[in-house]
Amino acid sequence: MSPRHSTDPVTATGLASGESRVATLPPLPTWNPLSLWCSDGWTVTKRNLIKIKRSPDMLVFAVIQPIMFVLLFSQVYGGAIAVQGSDYTQFLMAGIFAQTVVFGATFSGAAMALDLKEGIIDRFRSLPMNASAVLIGRTNGDLVLNTISMVIMMATGLAVGWRVNTSPPEFLAGVGLLLLFGYAFSWVMALLGMSVKSPEVINNASFLILFPLTFVSNAFVPSDTLPTPLRLFAEWNPVSSLVQAVRQLFGNLGTAPVPDIWTMQNPILTVLIGITVMLLVFVPLCIRKFASISSR
């Protein structure tokens, strides 16, 4: 007879007094709020990336428009537009890159407006997830889309004669600046998408912002060729600062004199300030707007 049988009283269940058939479960892992927030954001980001994969036409049309602009301006109008000390193609490509990331940010606004109309936001609200994860996932998806577009755009630029004339670190800094600006601007478009009544309105509303920013700038023509009111707007336009910074980092400035304006003399710093301001202002506004919509 074992020691347990000789000393411990046995119950009718065959277990010694104090024993239980219920196994002791290991403690559940504890997640800190930051880990939960990152996990929720990554989950929604994957959802948006899968959506792009299942709808390749979204990527195709996002890339075709900038390619058309490259071919149109460089091959059709390039011979008629003179740029001091530079080939027009070298001058043009930074403007096309800036236009691409700014226009690419509209997907955040359109997607948010569509999700609100289709009731997907109501489904997210029923899940135990951080409300801001929806916005993080949406803007991260646009960042990936802009990165893909940028790679294709650079390949197109190389095909028509554009070249980078600086070091690899400066080139990567220029690409990073473009993508960061596009990411920050996605939050502006996301707020607009949550503010309109229907997704059909978002395209018209966004173009009212995008067209002056991109075309009244130094993206396609030197700003000193514009009439005085438009020239002043272009020189203080954040897209002009982005274009000037990218031309500087890619070595595409040429010998044309730089306007004696602080934003044009310090374009990289100006863009970094603009990115910081957009994130500090529009991220909280988007989160507050989304919380207001979700509580209805």
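Model, not experiment: these values are computed from the prediction.
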Do [X] and [Y] touch side chain to side chain, with heavy atoms closer than 4.5 Å?
X    : Y    : value
M194 : L135 : yes
I261 : W236 : yes
F97  : M150 : yes
N140 : V144 : no
Q244 : T270 : no

Is there a path of hydrophobic side-chain contacts, each under 4.5 Å between heavy atoms of I, L, V, M, F, W or Y residues, that connects [X] with [Y]?
X    : Y    : result
L232 : F215 : no
V151 : M93  : no
V281 : Y183 : yes
F290 : L280 : no
L242 : L272 : yes

Are the side chain of [X] and the backbone N or O of [Y] linked by a donor-acceptor pair below 3.5 Å?
X    : Y    : value
Q90  : G161 : yes
S240 : N218 : yes
Y88  : F220 : yes
N266 : W262 : yes
Q265 : P259 : yes
S186 : G182 : yes

To check you understand the geometry: which heavy-atom pair defines the closest contact between [X] and [Y], and what is its length?
X    : Y    : value
S149 : T100 : CB-CG2, 4.0 Å
N146 : V101 : ND2-O, 3.5 Å
N237 : S217 : ND2-CB, 3.6 Å
M264 : V258 : O-CG1, 3.5 Å
D142 : A105 : OD2-O, 3.9 Å
A94  : R247 : CB-CG, 3.4 Å

Residues two or more places apart in sequence or in another chain: which of them pass side chain to side chain donor-acceptor pair (under 3.5 Å) with D224? none
Which residues pass the side chain to side chain donor-acceptor pair (under 3.5 Å) test with T263, not counting sequence neighbours? none
Side chain to side chain donor-acceptor pair (under 3.5 Å) partners of residues 155-179, not counting sequence neighbours, each pair once: W162-N252, S167-E170
Option from V164, V246, L249 for which side chain to side chain contact (heavy atoms under 4.5 Å, CB included) with F171 holds: V164
Please assess F207 against F103 for the test side-chain contact (heavy atoms from CB on, under 4.5 Å), listing each intermediate value before the final yes or no. CA-CA 9 Å; F207 282 139; F103 275 44; 4.1 Å; yes
Just verifying a value: how many Å separate [X] [atom1] and [Y] [atom2], rounded to the nearest 0.5 Å?
X    : Y    : atom1 : atom2 : answer
K289 : F282 : NZ    : CZ    : 13.5 Å
I136 : I287 : CD1   : CD1   : 6.5 Å
D87  : S74  : CG    : OG    : 9.5 Å
S223 : R231 : OG    : CZ    : 7.5 Å
I268 : L177 : CD1   : CG    : 7.0 Å
I96  : T89  : CD1   : OG1   : 10.5 Å

Go through F250 and M154 one step at a time and tell me if the side-chain contact (heavy atoms from CB on, under 4.5 Å) criterion holds. CA-CA 12 Å; F250 288 171; M154 288 184 173; 4.0 Å; yes
I209/F185 under side-chain contact (heavy atoms from CB on, under 4.5 Å): CA gap, chis, key distance, verdict: CA-CA 11 Å; I209 300 174; F185 201 74; 4.2 Å; yes
Begin from the C-alpha positions of F181 and V102 and carry the test side-chain contact (heavy atoms from CB on, under 4.5 Å) through to its verdict. CA-CA 8 Å; F181 189 91; V102 171; 3.8 Å; yes
